[in-house]
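Everything on this sheet refers to the single structure shown next.
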Amino acid sequence: WLIVIYLGSLAALFLTAFWTVDGFTGALVRTFTLENFVDVFTTPAYLWVMARTVGIAVAVTILCLLLAVPVAYFMARVASKRWQPLLVAMILTPLWASYLVKAYAWRAMLSPESGVIAWFLAPLGIGGPGFGIFGIIVTLTYLWLPYMILPVYAGFSRLPDSMLDASADLGAKGWRTFRSVVVPLIFPAIVAGSIFTFSLSLGDYITAQIVGGKVQMLGNVVQQNYVTNLPFAAAFAVIPVLIVLIYLAAVRRTGALDNL
C-alpha cells in the first residue's frame, strides 16, 4: 500500500504538470501541454533558483560530511564500548526537538542586530551574518547532521581492525591508510548519509522562509504557486525529483548502493 500510494501521488504530480490553468476562470484545463516546463526551463529567474538550491544542497552535504567523519570516528574507534550508546543517544537527541524550534533558534542567533553571533562579533567591529544563503546552509547543516553521522558511524563500526593492521604492517602512514583503506570501506556509508542530507536540503523550504531573508529555494516557488497555478507548481516540483533520481543513478554506477 505504501508503494501504491507513493507511486500514485507521483503519477498524479507528473500528470498535473502537463495541464494548465484558465486565466479567466482559474479552472484546471486538462489538456496536454509542455507550456509549464517551457516556462520553467526558459525563465532565468527559475533557472537561478534551481542552481542556487542545488548549490545549497551540495554545500550542506559537504559540511555535514566534514563534521560527521571525525565525530563518527571518535564514536566508533576512540570511545569505549561503554560510552558509545550514550554518544549515539546524544546525536539522536536533537531529532526529538521540533524542526521549527531549532530553525527559529538559529534565526535568533543569526539576527544581525540582536543575535548571539552578532553579540560575539561586536567587539571586533563585525556585524552578524544576518539572513540569507549563509544562514540557510548553517541551519540545514545543523538540522541534517545526525543523518550523516549515524550512517558514517555504522560504517566505522564495521571497519575490520585487521585491515588497519595490515596497512600499518605494509608501512602505510595514517593519512595513506585513511585514504586508501578507510575511505573505500566507509564510502557506502558516506553515500547513504549524503542521500539523506542532499535530498532533504533539496526539498526544504521552511528554513529558507525563516533564516533565508529574500533567498528562495525550489520548495518556496512550489509553495507560492500551489494555490494560484497548481500545474506550474507541479512542473516545478518535478525538478527536485529528477535531480534526486539523477543523483541516485550516478551513485549507483559507483557500486556504493550494492554494499550498503
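Hydrogens, waters and symmetry mates play no part in the numbers below; they use all other heavy atoms, side chains included.
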According to side-chain contact (heavy atoms from CB on, under 4.5 Å), who are the partners of [X], at least two apart in sequence or on a separate chain?
| X | value |
| --- | --- |
| Pro146 | Ile91, Leu95 |
| Leu63 | Ile137, Thr141 |
| Ser157 | Ala76, Tyr153 |
| Leu145 | Cys64, Leu67, Ala68, Ile149 |

**OP:** Please state whether the rings of Phe41 and Phe37 are parallel, tilted or perpendicular, taking 30° and 60° as the class boundaries.
**Re:**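 Ring orientation of Phe41 relative to Phe37: parallel.
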**OP:** Check whether Trp175 and Ile186 end up in the same hydrophobic cluster, where Ile, Leu, Val, Met, Phe, Trp and Tyr are linked by side-chain heavy atoms less than 4.5 Å apart.
**Re:**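 Trp175 and Ile186: one cluster.
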**OP:** Flag yes if Val251 and Ile246 sit in one hydrophobic cluster, no otherwise; membership is Ile, Leu, Val, Met, Phe, Trp, Tyr, and two members link when side-chain heavy atoms are under 4.5 Å apart.
**Re:** no
**OP:** Could you pull out all residues at least two apart from Asp165 that satisfy salt bridge (Lys or Arg N to Asp or Glu O under 4.0 Å)?
**Re:** none
Subject >> Distance (rounded to the nearest 0.5 Å) between Glu35 CD and Phe232 CZ >> reply: 10.0 Å
Contacts table for residues 194-203: side-chain donor-acceptor under 3.5 angstrom, sequence neighbours left out:
unit_1: Ser194; atom_1: OG; unit_2: Ile190; atom_2: O; d: 3.4
unit_1: Ser194; atom_1: OG; unit_2: Val191; atom_2: O; d: 2.7
unit_1: Ser194; atom_1: OG; unit_2: Tyr247; atom_2: OH; d: 2.6
unit_1: Thr197; atom_1: OG1; unit_2: Thr61; atom_2: OG1; d: 3.3
unit_1: Thr197; atom_1: OG1; unit_2: Gly193; atom_2: O; d: 3.3
unit_1: Thr197; atom_1: OG1; unit_2: Ser194; atom_2: O; d: 3.3
unit_1: Ser199; atom_1: OG; unit_2: Ile195; atom_2: O; d: 2.5
unit_1: Ser199; atom_1: OG; unit_2: Phe196; atom_2: O; d: 3.3
unit_1: Ser201; atom_1: OG; unit_2: Trp144; atom_2: NE1; d: 3.4
unit_1: Ser201; atom_1: OG; unit_2: Thr197; atom_2: O; d: 2.7

Does any part of the side chain of [Y], heavy atoms only, come nearer than 4.5 Å to the side chain of [X], both counted from C-beta?
| X | Y | value |
| --- | --- | --- |
| Leu100 | Ile210 | yes |
| Leu110 | Thr139 | yes |
| Tyr205 | Val222 | no |

Using atom types as modelled, flag every donor-acceptor pair under 3.5 Å from a side chain in residues 2-20 to any protein atom, sequence neighbours excluded.
unit_1: Ser9; atom_1: OG; unit_2: Ile5; atom_2: O; d: 3.2
unit_1: Ser9; atom_1: OG; unit_2: Tyr6; atom_2: O; d: 2.7
unit_1: Thr16; atom_1: OG1; unit_2: Ala12; atom_2: O; d: 2.7

May I have the list of side-chain donor-acceptor pairs in residues 212-219 shorter than 3.5 Å, sequence neighbours left out?
unit_1: Gln216; atom_1: NE2; unit_2: Gln224; atom_2: OE1; d: 3.1

Subject >> Residue pairs passing the side-chain hydrogen bond (donor to acceptor under 3.5 Å, both in side chains) test where at least one lies in residues 36-51, sequence neighbours excluded >> reply: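 Counting only pairs at least two positions apart or across chains, no side-chain hydrogen bond (donor to acceptor under 3.5 Å, both in side chains) contact touches residues 36-51.
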Original post:
Please, which pairs that meet salt bridge (charged side-chain N to carboxylate O under 4.0 Å, His left out) have at least one residue in residues 67-85, sequence neighbours excluded?
Top reply: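 Applying salt bridge (charged side-chain N to carboxylate O under 4.0 Å, His left out) to every pair that reaches into residues 67-85, excluding sequence neighbours, yields Arg77-Asp161.
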Original post:
Which residues pass the side-chain hydrogen bond (donor to acceptor under 3.5 Å, both in side chains) test with Arg30, sequence neighbours left out?
Top reply: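 Expected list: none.
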Original post:
Between Pro231 and Val21, what is the shortest heavy-atom contact and its length?
Top reply: CD-CG2, 3.4 Å
Subject >> Pairs where residues 58-94 contributes a residue and the test ring-ring contact (aromatic ring centres under 6.0 Å, His included) is met, not counting sequence neighbours >> reply: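 Counting only pairs at least two positions apart or across chains, the ring-ring contact (aromatic ring centres under 6.0 Å, His included) contacts touching residues 58-94 are Tyr73-Phe156.
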